[in-house]
Amino acid sequence: MSKRLGGIHQLLYKRICFLSEWNEALCSALHREQKHRCHRLQLTDLIDETNIHESLQEIMKEVQREHAALSERLVHAQGKEAAAQVIAGFGQRHTVDGDLTQLLKQIEALFLHGMPCERNLIMEVQDDTHARIVWKNDSQLQYYQNPSLWLWEREQLLQKMLPAGYVYEEYAKEAVLYKDAVSRTWVEQLEYEHEMISHLLAAMQEYSLSILRTKQVDREWLKNCLDYLQEYADVFHHQKEEELVFSRLKQASPQGKLLVEQGMLVEHDLARYYIRSMKKLLKKDVTEEVCVRLIGFIQAYIDLLERHIEKENSVAYPYAVRKLAMDEIQKAFDAHGEYERMEELREFLKLS
């Protein structure tokens, strides 16, 4: 038992030193003295040996409070560009390496909040190149006046720490870490777009719960979300599928025609109906009936697209790969271009 506790203490100490060294870089940029220089001390000099675990927890809280105060002060005084420069220098001194699983272990060691048994950090490897990260009960957030600043900092830092080719993207409820292909195949591109749509669906789910609790409707937020779904999920993604893949699949075989016309296209049209219906409701006065109908449409839309995405990933795309000329479709995709408001969409998702 003592050896196990010793390992936990070393883990907490490593986390404290990591944040303390980051704080030192922030203090340098602000030309001020650092209050808690924990990374300059040995573990035995830092703790109260009569109550090792509790003293480490208290030290961690102090270092976290100091970090939030310093970060907000720097951004307020000098702007995000100055904070990004500090993060870049610190991140380059703490690079991580290895395959996806090894990267996750290193991130966990440095960014762990609370005890390992509390599962405050959940990492799911989805395949060799893609992982989902859930930062549950992140204790750092409570020390910020604007918690989104911490999410931005963490994303900026991990991007600097990761090996070339890896991408880390932070969102309000979860994050993704993946190895970005230099050039995605058309299937990989469509599946990536599905991930972005899934993030929007998760934000809508949280929003519907907010309507249920408060009986209030944030018209501006929902309008923005519906606009992104209409522009990105439908006009950009669904139309691209229809024009570049499904039109060919209908000609490839009777089964392909059936799959497209009685499956994929029907669901695309139903998704458009739900978007139009929600936009109409946004023009009405907020009543209990409007709230109930909005929640109903949101849940129906989420359920539809989640099932639709699963069918496309597991059935429609693999069938298209078997039946269609891959080179021909790839050329069409390469010429199609990117979604013009992608950076705005990412920012919206991070703050949602």
Side-chain angles (χ1 to χ4, degrees), residues 15-37 39 61-96 103 107 110-111 113 121 133-135 138-178 180 196 199-200 202-203 206 218 220-221 224-225 227-228 232 338-352:
R15 170 70 182 98
I16 289 167
C17 289
F18 179 72
L19 197 56
S20 175
E21 187 179 344
W22 189 355
N23 290 350
E24 183 179 57
L26 290 168
C27 285
S28 177
L30 287 164
H31 307 291
R32 59 184 291 142
E33 290 293 323
Q34 185 177 4
K35 186 176 180 182
H36 302 285
R37 297 170 62 85
H39 62 292
K61 290 176 184 177
E62 289 300 320
V63 174
Q64 288 179 298
R65 288 191 189 98
E66 185 177 29
H67 180 81
L70 290 169
S71 294
E72 291 186 327
R73 183 185 294 270
L74 181 60
V75 170
H76 177 73
Q78 301 180 31
K80 272 191 170 181
E81 287 187 8
Q85 289 179 358
V86 172
I87 291 169
F90 179 68
Q92 287 163 5
R93 296 195 301 272
H94 291 274
T95 56
V96 292
L103 292 177
I107 291 170
L110 294 174
F111 288 88
H113 293 283
L121 178 56
I133 302 173
V134 180
W135 304 88
D138 186 342
S139 59
Q140 185 67 43
L141 289 170
Q142 65 185 302
Y143 301 114
Y144 283 79
Q145 293 182 15
N146 178 12
S148 66
L149 176 58
W150 170 240
L151 306 185
W152 174 82
E153 285 184 278
R154 189 163 59 197
E155 182 179 43
Q156 292 289 310
L157 179 58
L158 281 169
Q159 281 296 117
K160 296 298 182 183
M161 294 172 63
L162 289 169
Y166 279 92
V167 177
Y168 174 83
E169 294 178 350
E170 182 85 53
Y171 299 97
K173 299 297 178 183
E174 63 179 53
V176 292
L177 173 63
Y178 60 92
D180 196 18
M196 297 300 295
H199 287 309
L200 278 166
E206 289 292 323
D218 185 340
E220 182 179 359
W221 187 92
N224 287 335
C225 189
D227 284 345
Y228 281 122
Y232 184 76
E338 299 292 331
Y339 177 56
E340 292 181 355
R341 297 179 63 198
M342 179 57 77
E343 290 307 313
E344 294 175 43
L345 173 57
R346 291 184 194 279
E347 191 64 24
F348 175 78
L349 285 168
K350 289 170 190 174
L351 298 175
S352 296

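- Residues Glu155 and Leu151 fail the side-chain proximity criterion, which asks for heavy atoms closer than 4.5 Å.
- Taking the six-membered ring for Trp and the full ring otherwise, Phe348 and Trp221 have centroids separated by under 6.0 Å.
- The side-chain heavy atoms of Glu153 and Tyr144, taken from C-beta on, include a pair separated by under 4.5 Å.
- Two residues are said to be in side-chain contact when any heavy atoms from C-beta on lie closer than 4.5 Å; Val167 and Val176 fail this criterion.
- Residue pairs meeting the salt bridge (charged side-chain N to carboxylate O under 4.0 Å, His left out) criterion with at least one member in residues 163-172, sequence neighbours excluded: Arg154-Glu170, Glu169-Arg346.
- A distance of 9.5 Å separates CG in Leu345 from NE2 in His199, rounded to the nearest 0.5 Å.
- The nearest pair of heavy atoms linking Pro147 to Gln145 is CD-O, 3.5 Å.
- A donor-acceptor contact shorter than 3.5 Å links the side chain of Glu66 to the backbone of Lys35.
- Heavy-atom minimum distance, Cys225 versus Leu200: SG-CD2, 4.1 Å.
- The aromatic rings of Tyr339 and Tyr232 sit perpendicular, their planes meeting at an angle over 60°, well past the 30° parallel limit.
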Only pairs under 3.5 Å count here: list side-chain donor-acceptor contacts from residues 17-32, not counting sequence neighbours, and write none if there are none.
residue, atom, partner, partner atom, Å
Ser20, OG, Gln34, NE2, 3.3
Ser20, OG, His36, O, 3.2
Ser20, OG, Cys38, N, 3.1
Ser20, OG, His39, N, 3.3
Ser20, OG, His39, ND1, 2.7
Glu21, OE1, His94, NE2, 3.3
Glu21, OE2, His94, NE2, 3.3
Asn23, OD1, His67, ND1, 2.7
Asn23, ND2, Val63, O, 3.2
Glu24, OE1, His39, NE2, 3.1
Glu24, OE1, Arg40, NH2, 3.2
Glu24, OE2, His39, NE2, 3.4
Glu24, OE2, Arg40, NE, 3.2
Glu24, OE2, Arg40, NH2, 2.7

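- Annotation: side chain of Leu177 is in contact with side chain of Ile107 (closest heavy-atom distance under 4.5 Å).
- Gln140 contributes a side-chain N or O that, together with a main-chain N or O of Gln64, makes up a donor-acceptor pair within less than 3.5 Å.
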Tyr166/Asp180 under side chain to side chain contact (heavy atoms under 4.5 Å, CB included): CA gap, chis, key distance, verdict: CA-CA 6 Å; Tyr166 279 92; Asp180 196 18; over 6 Å; no

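- Contacts classified as salt bridge (charged side-chain N to carboxylate O under 4.0 Å, His left out) and involving residues 72-86 (residues at least two apart or in different chains) are not found.
- Between Phe111 and Leu157, the closest side-chain pair of non-hydrogen atoms falls below 4.5 Å.
- The OH atom of Tyr143 sits 14.0 Å away from the OG atom of Ser71 when rounded to the nearest 0.5 Å.
- Atom CD of Glu340 has 12 or fewer neighbouring heavy atoms from other residues, nucleotides or ligands inside a 6.0 Å radius.
- The two atoms that bring Leu103 and Pro163 nearest to each other are CD2-CD, 3.8 Å, heavy atoms only.
- We find the CZ-CE distance between Phe90 and Met161 to be 7.0 Å, quoted to the nearest 0.5 Å.
- The backbone N or O of Gly89 lies less than 3.5 Å from no partner atom in the side chain of Gln92, so there is not a single donor-acceptor pair.
- The backbone N or O of Tyr168 lies less than 3.5 Å from a partner atom in the side chain of Gln159, making a donor-acceptor pair.
- A distance of 11.0 Å separates CD1 in Ile16 from CD in Glu62, rounded to the nearest 0.5 Å.
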